[in-house]
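Let me begin by presenting the structure, written as structure tokens, before commenting on it.
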Amino acid sequence: MSPLIVANWKMNPPRLDDALKLYKSIATLSRSLKNIETVVCPPSPFIEPLMRSLRSSPVVLGGQNIHSESSGAFTGEVSGSMLYTAGARFVIVGHSERRAMGEDDELVSRKVLAAYKARLTPIVCVGESVRDSSGDYLHIVARQLEASVQYITGAQLAKTVIAYEPVWAIGDTAKKAAEPRDVEEMTLYIRRILADRIGPNKAARVRILYGGSVNAQNALDFLGDTRADGLLVGRASVTAQFLTMLKAVNAA
Ligand code: PGA
């Protein structure tokens with residue numbers, strides 16, 4: 001499995017011009033990188049212009065959020081089929097910044113199902129808010145994961161991307177990224193939970209990403225045999241660092 005690197009641009013950059021420049025630089029570089037897969041998740045209004053800006057691109061586009069229903073009176077929301085039509089093939093679901101706005105596991109699980117109905121591959125985010133010495137974070141992540149994928153079939157789960165994003169390691173307020181050994185523990189643990197539901201062979205092929213303060217310096221620390229199968233990158237994904245990171249992961 002080649003590493004999957006997902007750029008979560010969040011609500012950046014402010015201008016379409018800059019988004020186009022950034023996307024083109026990633027796509028141009030990616031043409032020569034054969035050992036990785038790259039997904040860029042821009043703000044929704046930018047998905048279609050980015051898709052149309054290049055005749056073909058090795059970079060796949062994704063949404064950052066999806067509504068659980070396919071249409072209706074949901075002011076301000078975007079459906080899976082709208083994302084798909086705009087050019088997205090992936091969608092981030094249950095990001096901690098969305099969970100902080102009130103999304104619970106039940107809603108996340110309906111969004112995961114909505115993603116499959118729209119032919120999008122969900123990238124389901126899970127992660128504990130704090131770490132305590134009693135090891136409770138393992139159970140928190142287990143419960144979150146099981147509940148978040150409760151409505152999809154085993155075959156769908158086998159194709160789902162899971163992103164382990166400890167909330168304490170995400171964003172400007174984070175003091176640091178997780179330690180590689182923490183990520184290793186969690187990816188093994190998540191795979192065991194998946195194996196309970198879909199068996200060890202299928203679980204072995206599910207991509208589990210790490211996200212939280214990933215940058216060009218630490219990216220490689222999280223990848224490797226027993227660690228994550230890819231990265232979900234926030235802040236660093238809208239800077240030139242992202243290109244350095246892609247090159248490094250491709251060459252590793
Ligand atoms: P960060 O964000 O890389 O800026 O910590 C990661 C994420 O929110 O997905």
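All ligand and atom numbering here is 1-based and tracks the order in the structure.
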Salt-bridged, Arg227 to Asp221, with N to O below 4.0 Å? no
Determine, for Tyr151 and Arg110, whether the Lys NZ or Arg CZ falls below 6.0 Å from the six-membered ring centre while staying within 45 degrees of the axis. no
Any donor-acceptor N/O pair, Arg99 side chain to Gly94 backbone, under 3.5 Å: yes
Can Gly212 be said to touch ligand 1, with heavy atoms closer than 4.0 Å? yes
Answer yes when Arg52 and Glu48 have at least one side-chain N-carboxylate O distance shorter than 4.0 Å, and no when they do not. yes
Hey, is Gly171 one of the residues with a heavy atom under 4.0 angstrom from ligand 1? yes
For Gly234, the ligand 1 atoms with a heavy-atom partner under 4.0 Å come out as 1 (P), 2 (O), 3 (O), 4 (O), 6 (C)
Should you measure from each heavy atom of Glu165, which atoms of ligand 1 turn up under 4.0 Å away? 6 (C), 7 (C), 8 (O), 9 (O)
Using a 4.0 Å cut-off to any heavy atom of Arg235, which atoms of ligand 1 qualify? 1 (P), 3 (O), 4 (O), 5 (O)
Sub-3.5 Å donor-acceptor pair from the side chain of Asp229 to the main-chain atoms of Leu4, do we have one? no
Below 4.5 Å, heavy atoms only, C-beta onward: do Val214 and Tyr210 meet side chain to side chain? yes
Please list, in number order, the atoms of ligand 1 under 4.0 Å from a heavy atom of Leu232. 9 (O)
With nothing but distance in play, are any N or O atoms of Ala236 less than 3.5 Å from an N or O of ligand 1? no
Side chain, backbone, both or neither: Ile170 near ligand 1, heavy atoms under 4.0 Å: both
With the threshold set at under 4.0 angstrom, would you say Ser213 reaches ligand 1 through any of its heavy atoms? yes
At what distance is the nearest protein heavy atom to atom 2 (O) of ligand 1, and which residue and atom is it? Lys10 NZ, 3.2 Å
Within-4.5 Å side-chain heavy-atom neighbours: Lys10 and His95: yes
Identify, by atom number and element, the atoms of ligand 1 in contact range of His95, meaning under 4.0 Å from any of its heavy atoms. 7 (C), 8 (O), 9 (O)
Is any NZ, NE, NH1 or NH2 atom of the basic residue among Arg131 and Glu128 found under 4.0 Å from an Asp or Glu carboxylate oxygen of the other? yes
